[in-house]
Amino acid sequence: QQQVRQSPQSLTVWEGETAILNCSYEDSTFNYFPWYQQFPGEGPALLISIRSVSDKKEDGRFTIFFNKREKKLSLHITDSQPGDSATYFCAASEETNSAGNKLTFGIGTRVLVRP
Amino acid sequence: EAAVTQSPRNKVTVTGGNVTLSCRQTNSHNYMYWYRQDTGHGLRLIHYSYGAGNLQIGDVPDGYKATRTTQEDFFLLLELASPSQTSLYFCASSDPPGGTYEQYFGPGTRLTVL
């Protein structure tokens with residue numbers, strides 16, 4: 001049973017458009033939601049994250065919208081650039097003070113931005 | 001800047017072979033993780049550790065052993081490799097609690113089991 005679901009699996013947008021990536025989760029104890037960006041041949045790298053006490057987090061052209069009641073979140077990439085072409089992973093964990101950050105990842109969304 | 005290195009970067013072995021994947025971090029982080037990445041599955045946690053000598057079981061541990069010899073070094077061992085273990089393996093480190101929960105990933109090791 002997949003605890004973190006992502007859709008779509010792949011997405012193509014034109015340069016300048018907004019890409020919308022969706023994520024949902026099952027475990028109501030999850031309270032930390034990072035998005036990781038991965039370019040081919042590299043390891044994932046943290047892009048932006050949100051905690052469940054917030055409903056929105058913005059960092060430049062990247063914005064997370066979070067709906068705790070529906071257990072859904074989305075990543076919006078505005079003014080998409082060809083350099084944003086990558087795979088994006090939604091992840092979730094329960095932050096605690098005594099354990100490591102055991103992340104559960106979704107399967108990823110491959111984004112292609114056409115110039 | 002945080003640094004996680006992995007070796008080898010590519011490895012080919014045969015079914016039943018013995019493989020050790022190495023990971024070193026110079027971040028002074030307490031936590032280290034081993035993931036496998038497969039199309040259609042994303043990243044799945046194999047084992048993790050919160051310090052030298054410590055080992056915690058992840059979500060897909062079967063067929064894998066791990067050992068954390070120092071704060072810097074974390075090894076993944078496949079003692080009887082099988083084709084189902086053909087995958088891209090990533091090591092990561094982080095430093096919660098108190099520090100950032102961000103995980104820093106290495107460049108990956110591509111393992112092929114024939």
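Both backbone and side-chain heavy atoms feed into the values below; hydrogens, waters and symmetry mates do not. Just so it is clear: chains get the letters A, B, ... in the order the sequence lines come, proteins before strands, and each one is counted from 1.
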Visitor: Is it the case that one hydrophobic cluster holds both A:Ile64 and A:Phe33, taking links as side-chain heavy atoms less than 4.5 Å apart, direct or via other members?
Guide: yes
Visitor: Measure the spacing between CD of A:Gln38 and CG of B:Leu88 and express it to the nearest 0.5 Å.
Guide: 7.0 Å
Visitor: Could you go through the side chain to side chain contact (heavy atoms under 4.5 Å, CB included) check for B:Gln103 and A:Tyr36 one step at a time?
Guide: CA-CA 10 Å; B:Gln103 292 192 15; A:Tyr36 280 78; 3.5 Å; yes
Visitor: As a quick check of understanding, evaluate side chain to side chain contact (heavy atoms under 4.5 Å, CB included) for A:Lys102 and B:Gln56, giving each step before the final call.
Guide: CA-CA 10 Å; A:Lys102 187 170 174 286; B:Gln56 303 294 313; over 6 Å; no
Visitor: Is B:Trp34 reachable from B:Tyr104 through a run of I, L, V, M, F, W or Y residues, each pair having side-chain heavy atoms under 4.5 Å apart?
Guide: no
Visitor: By a 4.5 Å heavy-atom criterion (distance strictly below it), what part of A:Gln9 contacts chain B: side chain, backbone, both, or neither?
Guide: neither
Visitor: With chain A as the partner chain, list the residues of residues 105-113 of chain B whose heavy atoms fall under 4.5 Å from it, by residue number, and write 'none' if nothing qualifies.
Guide: B:Phe105, B:Gly106, B:Pro107
Visitor: Can you tell me how far CD1 of A:Ile107 sits from CZ of B:Arg44, rounded to the nearest 0.5 angstrom?
Guide: 11.5 Å
Visitor: Got B:Tyr35 and A:Leu103 here, is their nearest side-chain heavy-atom distance under 4.5 Å?
Guide: yes
Visitor: Heavy-atom count around A:Arg110 CZ within 6.0 Å, excluding the residue itself: above 12?
Guide: no
Visitor: For residues 40-51 of chain A, which side-chain N or O atoms pair as donor and acceptor with protein atoms under 3.5 Å away, sequence neighbours left out?
Guide:
residue, atom, partner, partner atom, Å
A:Arg51, NE, A:Glu95, OE1, 3.0
A:Arg51, NE, A:Glu95, OE2, 3.0
A:Arg51, NH2, A:Glu95, OE2, 2.5

Visitor: How close do B:Gln37 and A:Phe89 get, heavy atom to heavy atom, and via which atoms?
Guide: NE2-CZ, 3.2 Å
Visitor: Going hydrophobic residue to hydrophobic residue with side-chain gaps under 4.5 angstrom, can you get from A:Leu75 over to A:Phe105?
Guide: no
Visitor: Got more than 12 heavy atoms from elsewhere within 6.0 Å of NZ, B:Lys11?
Guide: no
Visitor: Determine whether A:Tyr88 and A:Phe30 fall in the same hydrophobic cluster, where Ile, Leu, Val, Met, Phe, Trp and Tyr are linked whenever their side-chain heavy atoms lie under 4.5 Å apart.
Guide: yes
Visitor: Would you mind checking which part of B:Leu45 comes under 4.5 Å of any heavy atom in chain A, side chain (CB onward), backbone (N, CA, C, O), both or neither?
Guide: side chain
